[in-house]
Amino acid sequence: PFVAVVLVAIAARHLARLKRAVLLPLTCLLVIVPITIRNYLVYGEFVPIHIGLGIVLWEGIADASGDRFGAVALDVEVAAQDAVLYNNPRYGGTWSSPDGIARDRDRVRKSMDIILHHPVWYAGVMLKRMRDMVKYSAHAPLVYKIAQTRTLQRTLPVKPEWESLVGDDSSLTFGRAIFWARPVLRALQRLIKEPMGYFILVGAVLMFVASWRRSLFLGMVPLYYLLFQSFTHTEFRYTLPMQYFLFVFAAIVWVVLIGGGWAGLRSLSKRYMERAKLKPTA
């Protein structure tokens with residue numbers, strides 16, 4: 001539905017484009033409908049694709065509030081909580097079975113009750129999640145603190161819980177082979193990374209001024225993620241697809257800077273050559 005609204009807005013005055021704008025979400029719907037029908041035939045319930053909204057809302061509230069509302073942040077904790085809440089030990093095995101549909105819908109109701117009673121707080125939570133979505137270096141589990149930039153000595157990981165993720169060093173073989181390039185690549189990475197958020201914003205404004213339709217088309221996926229993913233639950237891996245579109249906006253600024261700088265150099269060179277030709281000879 002979100003894609004349909006955006007595409008209709010872009011193609012409002014062009015009938016042919018408008019038809020295609022409606023056709024795209026309709027095609028998506030036709031692809032999904034067999035799954036929904038199958039779910040209804042098997043479970044006797046309307047489940048568009050799968051359950052899971054309830055658990056991501058509940059765990060997202062726990063991440064943002066701690067134990068303020070009684071929510072828990074891990075799947076195993078949710079299952080254990082359900083076993084106590086419903087007085088049914090079978091629920092302690094997993095959050096999704098048995099009676100997964102009913103249990104997840106209960107979590108949706110509990111979560112929405114909290115959100116509706118604390119709308120200002122939850123709006124702040126969403127804004128923080130949006131900000132975290134564009135922190136490009138804050139969620140890399142293979143980034144280690146290096147005691148000295150020119151040595152291979154490895155200290156503890158940036159976060160202790162990442163130690164178990166990188167126990168096997170075989171994936172670092174190639175990195176060790178080109179470790180000599182670390183200072184240069186690190187400087188280049190910092191040059192690109194630090195202004196990334198600002199470049200995305202400036203690039204989006206520049207493209208919007210040049211062509212608001214193209215800007216809205218490219219921004220359709222990031223807007224969806226920022227508005228809807230931030231409402232449910234944010235893990236950085238969930239938001240990776242939107243980064244490819246945001247990088248386009250950042251690239252616009254780099255093109256303007258490099259292209260403008262090159263054009264300026266050519267102009268100066270041309271003026272210098274013209275002055276050299278006009279300079280009288282002895």
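Quick note: residue numbers are just sequence positions, from 1. Values below: every heavy atom of this structure, side chains too, minus hydrogens, waters and symmetry copies.
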Taking only distance into account, with no hydrogens and no angle test, what donor-acceptor pairs under 3.5 Å do side-chain atoms of residues 23-44 form with protein atoms, sequence neighbours excluded?
{"unit_1": "T27", "atom_1": "OG1", "unit_2": "L23", "atom_2": "O", "d": "2.8"}
{"unit_1": "T36", "atom_1": "OG1", "unit_2": "P48", "atom_2": "O", "d": "2.6"}
{"unit_1": "N39", "atom_1": "ND2", "unit_2": "I35", "atom_2": "O", "d": "3.4"}
{"unit_1": "N39", "atom_1": "ND2", "unit_2": "V47", "atom_2": "O", "d": "2.9"}
{"unit_1": "N39", "atom_1": "ND2", "unit_2": "I49", "atom_2": "O", "d": "3.0"}

Name every donor-acceptor pair, under 3.5 Å, that has one atom in a side chain of residues 201-216 and the other anywhere in the protein, sequence neighbours excluded.
{"unit_1": "S211", "atom_1": "OG", "unit_2": "R214", "atom_2": "N", "d": "3.4"}
{"unit_1": "R213", "atom_1": "NE", "unit_2": "I10", "atom_2": "O", "d": "2.6"}

Using atom types as modelled, flag every donor-acceptor pair under 3.5 Å from a side chain in residues 71-80 to any protein atom, sequence neighbours excluded.
{"unit_1": "E77", "atom_1": "OE1", "unit_2": "A73", "atom_2": "N", "d": "3.4"}
{"unit_1": "E77", "atom_1": "OE1", "unit_2": "L74", "atom_2": "N", "d": "3.4"}

Quiz: residues 256-268 side-chain donor-acceptor pairs under 3.5 angstrom, not counting sequence neighbours:
none

Donor-acceptor pairs under 3.5 angstrom involving side-chain atoms of residues 113-130: please list them, not counting sequence neighbours.
{"unit_1": "D113", "atom_1": "OD1", "unit_2": "H117", "atom_2": "ND1", "d": "3.3"}
{"unit_1": "H117", "atom_1": "ND1", "unit_2": "D113", "atom_2": "O", "d": "2.7"}
{"unit_1": "H118", "atom_1": "ND1", "unit_2": "I114", "atom_2": "O", "d": "3.0"}
{"unit_1": "Y122", "atom_1": "OH", "unit_2": "R129", "atom_2": "NH1", "d": "3.2"}
{"unit_1": "Y122", "atom_1": "OH", "unit_2": "F231", "atom_2": "O", "d": "2.5"}
{"unit_1": "K128", "atom_1": "NZ", "unit_2": "D132", "atom_2": "OD2", "d": "3.2"}
{"unit_1": "R129", "atom_1": "NH1", "unit_2": "S230", "atom_2": "O", "d": "2.8"}
{"unit_1": "R129", "atom_1": "NH1", "unit_2": "T232", "atom_2": "O", "d": "3.1"}
{"unit_1": "R129", "atom_1": "NH2", "unit_2": "G60", "atom_2": "O", "d": "3.0"}

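The cluster map of Ile, Leu, Val, Met, Phe, Trp and Tyr, joined by side-chain heavy atoms under 4.5 Å apart, puts L85 and V108 in different clusters. In this structure, F179 is not a member of the same hydrophobic cluster as L185, with clusters built from ILVMFWY side-chain heavy atoms closer than 4.5 Å. The cluster map of Ile, Leu, Val, Met, Phe, Trp and Tyr, joined by side-chain heavy atoms under 4.5 Å apart, puts V255 and I200 in different clusters. With hydrophobic clusters built from ILVMFWY side chains whose heavy atoms lie under 4.5 angstrom apart, V6 shares a cluster with F228. Using a 4.5 Å cut-off between side-chain heavy atoms of Ile, Leu, Val, Met, Phe, Trp and Tyr, with links allowed through other members, W95 and V84 fall into different hydrophobic clusters.
Listed by first and then second residue, the salt bridge (charged side-chain N to carboxylate O under 4.0 Å, His left out) pairs that reach into residues 43-54 are E45-R105, sequence neighbours excluded. Within the structure, side-chain hydrogen bond (donor to acceptor under 3.5 Å, both in side chains) pairs that include any residue of residues 47-67 comprise W58-Q81 (at least two apart or interchain).
Considering every non-hydrogen atom in both I192 and P195, the closest pair reads O-CD, 3.5 Å. The two residues F2 and L223 come nearest to each other via the heavy atoms CZ-CB, 3.9 Å.
Under the salt bridge (Lys or Arg N to Asp or Glu O under 4.0 Å) criterion, R109 pairs with D106, sequence neighbours left out. A search for side chain to side chain donor-acceptor pair (under 3.5 Å) contacts involving D99 returns Y91, not counting sequence neighbours. Here D104 pairs with R107 under the side chain to side chain donor-acceptor pair (under 3.5 Å) rule; sequence neighbours left out. Residues satisfying the side-chain contact (heavy atoms from CB on, under 4.5 Å) criterion with T94, sequence neighbours excluded, are S96, S97.
Among the candidates Y225, Y224, F217, the single residue satisfying the side-chain contact (heavy atoms from CB on, under 4.5 Å) test with V221 is Y225.
Between the R103 side chain and the P98 main chain, a donor and an acceptor come within less than 3.5 Å of each other.
Side-chain contact check for M220 versus F245: every heavy-atom pair is 4.5 Å or farther apart.
A distance of 12.5 Å separates CG of D82 from CG of N87, quoted to the nearest 0.5 Å.
In the displayed structure, Y198 atom OH is contacted under 6.0 Å by at most 12 heavy atoms of other residues, nucleotides or ligands.
Here V5 is tied to no hydrophobic group at all, with no ILVMFWY side chain closer than 4.5 Å.
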For M133 and Q229: C-alpha separation, side-chain torsions, deciding distance, then whether side-chain contact (heavy atoms from CB on, under 4.5 Å) applies. CA-CA 10 Å; M133 287 182 189; Q229 187 68 55; 3.8 Å; yes
